[in-house]
Amino acid sequence: MMKYLQKLGKSLMLPVACLPICGILMGVGYALSPAAMQGGDIVGFGPIVGFFLIKAGGALIDNMSWLFAIGVAVGMSDDHEGTAGLAGLVSWLVITTLLSSGTVAVLVGGEADPAFGKIQNQFIGIISGIIGSSCYNKFKGTRLPDALAFFSGKRFVSIATAVVSIIAAAILFFIWPVVYGALVAVGVGIVGLGAVGAAIYTFLNRLLIPTGLHHALNSVFWFDAAGINDLGNFWAGEVLNGAGGHAGMYMSGFFPSMMFGIPAAALAIVHSAKPEKKKEAAGLVGAAALCAFVCGVTEPFEFAFMFLAPALYLIYAILYGVITFITVSLGFSAGFSFSAGLTDLIFSSQLPAANNTFLILPLGLGAAIVFYFVFRFAIKAFDLKTPGREDDSEDETKIVLANDDFTTMAAIILEGLGGKENVTSVDNCITRLRLEIRDYTAVDEKKIKSAGISGVIRPSKTAVQVIIGPKVQFVADEFKKLM
């Protein structure tokens, strides 16, 4: 199970790598165009440029869920094939369309449950990616009758994915609103607990990020689902929220953790990385830390380790709760309309409900110290596989063949496979020759390896994969000629 989660975590690196630049663009954009956040007309060259940057950054941030669908599908597929990415997108489109508020309203003959208004989230994206990759791995070699031969092989993958996604949507139709409603009930139950309630909410908010169900809690505290409307009242100039608490109390605790805690945790991850992987880790979490500080975009950092080290993510969520309790108890109050970064802190500090915003420096310093040492200790003590500490695996794209006589190499491989009579299909991916065979007992692995290749994998009795490296296409071409 842990290996599966780590593979899932690695597959998220591709879409996550797209996000930091988006957060930076949005932070700069809001700085140039505050009216885009605070309301009012966007007039003048600077504000228009800022608005342009905001939209450019939001293009990916707002569509993160289907980026995850494609990235997870490609990363979890056997050979990282683009067909799997298409299957992931097919799954996401089917599920989110079938469970959209408009579709559900027609199905139930009335108003759709509010839960379906939040169906386009990261969790659904990840589920879609898993469905797409699973269907690709299972059905990529499917053979149909001659009349339907056009739809055989990889073309069949999207068809199978659509069918499986319909079934998944039918299951989620019943499960999603129940889970969403339960979380809303939990949120309502902790209202009125003061700093303790704010801490519990912040902890649950972070804990639910991977599933997208944090929106259920947000609707209770930030908006008007239960009459609290903490965010709306804060920006409307009110000092109190709808529950009688100080406006901003359910937002304030995020600022120290996002602005200072995340950069410190990122530093701990870099310091804990293997020496040869420190630069790689710094490139990934460093840019994510900058995003969190400037504009409170935390997903690039969180998705970089939450599946690689789920235990550490639990600790991360707990730290948010602790920092929030301290922040609210000391009377620090600030709000956001986007997220808890420097940009929102500057804009919100002038509003009536803002209070003791100067405390961000000592609170931030304290958060940084706690996040750094807790992360550093946990990573080392429990040998957690954070970025830069993943288990080493051979990079097949860097394999160097023993020789470049591709014709001889192909002939030896074919002989080791039992001759062309024993081979039923030939294909290749980026680094591997992928073959289907009739009789597995006729395969001589030692003979195949004598061709100077890197290795042989036999995933089933009818499949053989020969690891060749980036020159696989040349070997495959010669192999097909011999066939």
Side-chain angles (χ1 to χ4, degrees), residues 3-4 7 10-11 73-87 133-158 160 391-483:
K3 288 185 177 180
Y4 184 85
K7 184 179 180 181
K10 290 180 180 179
S11 72
V74 172
M76 298 290 282
S77 64
D78 288 338
D79 49 12
H80 310 307
E81 164 70 37
T83 304
L86 177 62
S133 62
S134 299
C135 289
Y136 174 80
N137 295 338
K138 178 73 174 178
F139 299 111
K140 65 178 183 295
T142 298
R143 294 188 176 187
L144 298 175
D146 291 345
L148 300 173
F150 176 81
F151 299 103
S152 295
K154 294 177 181 178
R155 293 191 182 97
F156 184 73
V157 172
S158 292
D391 293 329
D392 292 325
S393 59
E394 184 178 22
D395 186 349
E396 295 176 10
T397 64
K398 297 180 180 179
I399 291 173
V400 178
L401 295 178
N403 64 76
D404 284 339
D405 187 350
F406 304 119
T407 302
T408 301
M409 188 176 295
I412 295 173
I413 293 172
L414 181 58
E415 183 182 351
L417 289 168
K420 61 182 181 180
E421 297 79 11
N422 196 40
V423 179
T424 59
S425 72
V426 182
D427 197 3
N428 68 275
C429 61
I430 298 174
T431 60
R432 300 183 186 187
L433 195 62
R434 295 175 176 271
L435 309 127
E436 294 291 327
I437 58 172
R438 289 188 174 90
D439 182 6
Y440 74 96
T441 63
V443 177
D444 184 348
E445 290 191 22
K446 289 184 178 179
K447 183 66 177 180
I448 296 173
K449 290 179 181 178
S450 71
I453 54 88
S454 179
V456 178
I457 297 176
R458 303 177 71 172
S460 71
K461 289 186 176 181
T462 60
V464 177
Q465 297 176 8
V466 182
I467 303 174
I468 294 173
K471 294 182 180 180
V472 65
Q473 185 63 62
F474 302 112
V475 179
D477 290 343
E478 296 302 319
F479 192 95
K480 290 174 183 178
K481 290 177 183 178
L482 294 173
M483 288 290 293

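Formation of a donor-acceptor pair under 3.5 Å by the Thr408 side chain with backbone atoms of Asp405 is not found in this model. The main-chain N or O of Tyr440 is found under 3.5 Å from a side-chain atom of Arg458 such that the two form a donor-acceptor pair.
Looking at heavy atoms from C-beta onward, Leu417 lies in side-chain contact with Phe479 at the 4.5 angstrom threshold. Between Val456 and Gln465, the closest side-chain pair of non-hydrogen atoms is not below 4.5 Å. Side-chain atoms of Leu144 and Thr142, non-hydrogen and from C-beta on, do get closer than 4.5 Å to each other.
In this pair, Phe139 and Phe156 present their aromatic rings perpendicular. The plane angle is above 60°, beyond the 30 to 60° band.
A cation-pi arrangement is present between Arg155 and Phe150, with the terminal nitrogen or guanidinium carbon under 6.0 Å from the aromatic centre and inside a 45° cone about the axis. Geometric assessment of Lys140 against the ring of Tyr136 yields a positive cation-pi assignment under the 6.0 Å and 45° thresholds.
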- [ ] Walk me through it: do Glu81 and Lys154 pass the test side-chain contact (heavy atoms from CB on, under 4.5 Å)?
- [x] CA-CA 10 Å; Glu81 164 70 37; Lys154 294 177 181 178; 3.4 Å; yes
- [ ] Would you sort out whether Arg432 and Val466 count as a side-chain contact (heavy atoms from CB on, under 4.5 Å), showing the intermediate values?
- [x] CA-CA 5 Å; Arg432 300 183 186 187; Val466 182; over 6 Å; no
Task: Trace of the side-chain contact (heavy atoms from CB on, under 4.5 Å) decision for Leu433 with Val464 - done: CA-CA 8 Å; Leu433 195 62; Val464 177; over 6 Å; no
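With values rounded to the nearest 0.5 angstrom, Leu414 atom CG is found 11.0 Å from Ile412 atom CD1. Put simply, CD on Gln473 and CZ on Phe406 are 11.0 Å apart, with the number rounded to the nearest 0.5 Å. Once rounded to the nearest 0.5 Å, the distance linking NZ of Lys447 with CD1 of Ile413 reads 11.5 Å. To the nearest 0.5 angstrom, Glu415 atom CD is 11.5 Å from Leu482 atom CG. For the atom pair Met483 CE and Leu435 CG, the distance stands at 8.5 Å (nearest 0.5 Å). One distance of note links NZ of Lys449 with CD1 of Ile467; it measures 9.5 Å at 0.5 Å rounding.
Between Ala451 and Met409, the shortest heavy-atom contact is O-CE, 3.6 Å. When every heavy atom of Ser133 is checked against every heavy atom of Ala73, the shortest pair comes out as CB-O, 3.4 Å. Here the shortest heavy-atom pairing between Ala463 and Ile437 reads N-CG1, 4.3 Å. For Ser77 against Ala84, the heavy-atom pair with the smallest separation is CB-CB, 3.6 Å. Of all non-hydrogen atoms in Met76 and Asn137, the two that sit nearest each other are O-ND2, 3.4 Å.
Contacts classified as side chain to side chain donor-acceptor pair (under 3.5 Å) and involving residues 416-426 (residues at least two apart or in different chains) are not found.
No more than 12 heavy atoms of other residues, nucleotides or ligands sit less than 6.0 Å from atom NZ of Lys461.
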